[in-house]
Asks: 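Input: one structure, supplied below.
Small disclaimer: the values here were computed from a predicted structure and weren't measured.
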Amino acid sequence: MENPTRDVVTRSPKRMVGILNCRWFQSTAIHHESRLEKHFVLRTMLSPLVRGIRHQPFTLSLGGSRSYTPDFLLTFVDGQTAVVEVKRAERIPALRERFDEITKRLAADSRTFFVAHQGQIEGQRRAERAALLRRYAMLQLKEGLINAIAEFVASKPAGVAIGAVMKHCSATQEVVFHAIARRHIVTGRQLLLSKDDLVFTPTQEIGNVVAQFGTWFGCSPWGPHAGTDPRARVQQDSVRGPTDAFGDHIHARQFSLDASGWATDTCSG
């Protein structure tokens, strides 16, 4: 049984709590109660598959006096929904049985359950680049130029380099980043932003939106198949060394902004 959402903590001496107002994404504010939750929201807003994000949307009764309040409820472009728990990787193993129970309860309502850890959310400084893009999303730019960028990228099914977009459309980096942040065009899941990195046109023609969202973070839905599915097993076994669920080395490649503001690859080995 689902009950209304509980009150969200608005201040805490130990955690980063706050509110994200991103009206280009949705009209209602999105709360977060930790830095990791904030980074999850920033990454999720860049996925072209997600239509809405609700923080602590309901409380699920688990029997007796036990209950569960999800971190987030996502609504996808096709109307499907998924529940996401954001958790530090080292805490996941001790919660396996609880997550198994939550998965079964949510499955009764045809809802998928994901558990996303810091490697999948913040690995390779993806969350840092997502935060950078949010800054550009708040710019007010001429609609005609943004439309021209979207049309040019749409004419390149295999993707086109950011630098080529700038040259063809006579656009600055700020304008291209704004178009990415508002999801007129999209990057790959790594959110790479150099002039040589590719951008694509968003597509809604996806057979399994929920599974594709999992790919965006490099995780599989939580479920009993973890014993046989290698990617799901990594998901439920937490982080095995400094890698995310796709084997990306979290600390092997570092990205930073150079003097001109470009995201540059500063590989550390």
Asks: Are Phe217 and Phe40 close enough that their ring centers fall under 6.0 Å?
Replies: yes
Asks: Does the side chain of Val210 reach to within under 4.5 Å of the side chain of Phe114, using non-hydrogen atoms?
Replies: yes
Asks: Quick one: pull up SG in Cys169 and CD in Glu151 and give me the separation to the nearest 0.5 Å.
Replies: 9.0 Å
Asks: Identify the two heavy atoms, one from Pro70 and one from Pro57, that lie closest to each other, and give their separation to 0.1 Å.
Replies: O-CD, 3.7 Å
Asks: Of all the heavy-atom pairs spanning Asp196 and Ala161, show the shortest one and how long it is.
Replies: O-CB, 4.0 Å
Asks: So do the side chains of Ile121 and His117 get within less than 4.5 Å of each other, counting heavy atoms only?
Replies: no
Asks: Working to the nearest 0.5 Å, report the span between CZ of Arg111 and OG1 of Thr81.
Replies: 4.5 Å
Asks: Is the shortest side-chain heavy-atom distance between Val165 and Val199 below 4.5 Å?
Replies: yes
Asks: I'd like to know if the side chain of Gln26 reaches the main chain of Thr28, judged simply by a donor and an acceptor atom lying under 3.5 Å from each other, with no hydrogens or angles considered.
Replies: yes
Asks: Hey, could you give me the CD1/NE2 distance between Ile53 and His31, rounded to the nearest 0.5 Å?
Replies: 13.0 Å
Asks: Got a donor-acceptor contact below 3.5 angstrom from the Ser61 side chain to the Gly63 backbone?
Replies: no
Asks: Rounded to the nearest 0.5 Å, how far does CG of Leu74 lie from CZ of Phe213?
Replies: 5.0 Å
Asks: When you check the side-chain N and O atoms of Thr59 and Ser67, is any donor under 3.5 Å from an acceptor?
Replies: no
Asks: What's the shortest heavy-atom distance between Ala150 and His184, and which atoms?
Replies: CB-O, 4.1 Å
Asks: Would Thr187 and Phe200 satisfy side-chain contact (heavy atoms from CB on, under 4.5 Å), going step by step from the backbone distance to the final call?
Replies: CA-CA 6 Å; Thr187 67; Phe200 309 85; 6.0 Å; no
Asks: I want to check something: taking the side chain as every heavy atom from C-beta on, are Leu141 and Ile146 in contact at a cut-off of under 4.5 Å?
Replies: yes
Asks: According to the interplanar angle, ranging from 0 to 90°, do the rings of Phe72 and His55 count as parallel (below 30°), tilted (30 to 60°) or perpendicular (above 60°)?
Replies: tilted
Asks: Report yes or no: do Thr103 and Asp100 form a side-chain donor-acceptor pair below 3.5 Å?
Replies: no
Asks: Count the heavy atoms belonging to other residues, nucleotides or ligands that lie under 6.0 Å from NZ of Lys87, then report whether that count exceeds 12.
Replies: yes
Asks: Closest approach of His178 and Leu139, non-hydrogen atoms and distance?
Replies: CE1-O, 3.1 Å
Asks: What distance do Asp197 atom CG and Ile162 atom CD1 have between them, rounded to the nearest 0.5 Å?
Replies: 6.0 Å
Asks: Tell me whether Leu198 shares a hydrophobic cluster with Trp216, the cluster being built from Ile, Leu, Val, Met, Phe, Trp, Tyr side chains joined at under 4.5 Å.
Replies: no
Asks: From Leu133 CG over to Arg129 CZ, what is the distance, rounded to the nearest 0.5 angstrom?
Replies: 9.0 Å
Asks: Side-chain heavy atoms nearer than 4.5 Å, only ILVMFWY residues, links allowed to pass through others: does that put Leu62 and Leu106 together?
Replies: yes
Asks: Check for a donor-acceptor pair, side chain of Trp222 on one end and backbone N or O of Ile102 on the other, with a separation under 3.5 Å.
Replies: no
Asks: Just by modelled atom types, is the Arg91 backbone N or O under 3.5 Å from a matching donor or acceptor in the Arg88 side chain?
Replies: no
Asks: Does any N or O in the side chain of Arg182 come within less than 3.5 Å of the main-chain N or O of Ala179, such that one atom is a donor and the other an acceptor?
Replies: no
Asks: Pair Leu20, Lys38 - check side-chain contact (heavy atoms from CB on, under 4.5 Å), show working.
Replies: CA-CA 8 Å; Leu20 291 169; Lys38 179 180 179 180; 4.2 Å; yes
Asks: May I have the step-by-step check of side-chain contact (heavy atoms from CB on, under 4.5 Å) for Met138 and Trp24, ending in yes or no?
Replies: CA-CA 8 Å; Met138 294 184 283; Trp24 63 88; 3.7 Å; yes
Asks: Please confirm whether the backbone N or O of Ala116 pairs with a side-chain atom of Glu85, one donor and one acceptor, at under 3.5 Å?
Replies: no
Asks: Can you tell whether the side chains of Glu101 and Arg66 come within less than 4.0 Å, N to carboxylate O?
Replies: yes
Asks: Would you indicate whether the side-chain heavy atoms of Tyr136 and Val175 approach each other to under 4.5 Å?
Replies: no
Asks: Are the side chains of Val186 and Leu46 in contact, using a 4.5 Å heavy-atom criterion?
Replies: no
Asks: When you group the ILVMFWY residues by side-chain heavy-atom contacts below 4.5 Å and let the links chain together, are Val115 and Tyr68 in the same group?
Replies: yes
Asks: Between Glu33 and Asp71, is any pair of side-chain heavy atoms under 4.5 Å apart?
Replies: no
Asks: Under a 3.5 Å distance rule, please check whether Ser34 uses its side chain to pair with a backbone N or O of Glu37 as donor and acceptor.
Replies: yes
Asks: Please check this pair: side chain of Arg43 against backbone of Gln120, looking for a donor-acceptor N/O pair closer than 3.5 Å.
Replies: yes
Asks: So, the side chain of Ser155 versus the backbone of Phe152: is there a donor-acceptor pair under 3.5 Å, distance only?
Replies: yes
Asks: Measuring only between side-chain heavy atoms, which start at C-beta, is Phe76 closer than 4.5 Å to Thr112?
Replies: no
Asks: Without swapping roles, check the side chain of Asp78 against the backbone of Gln80 for a donor-acceptor pair under 3.5 Å.
Replies: yes
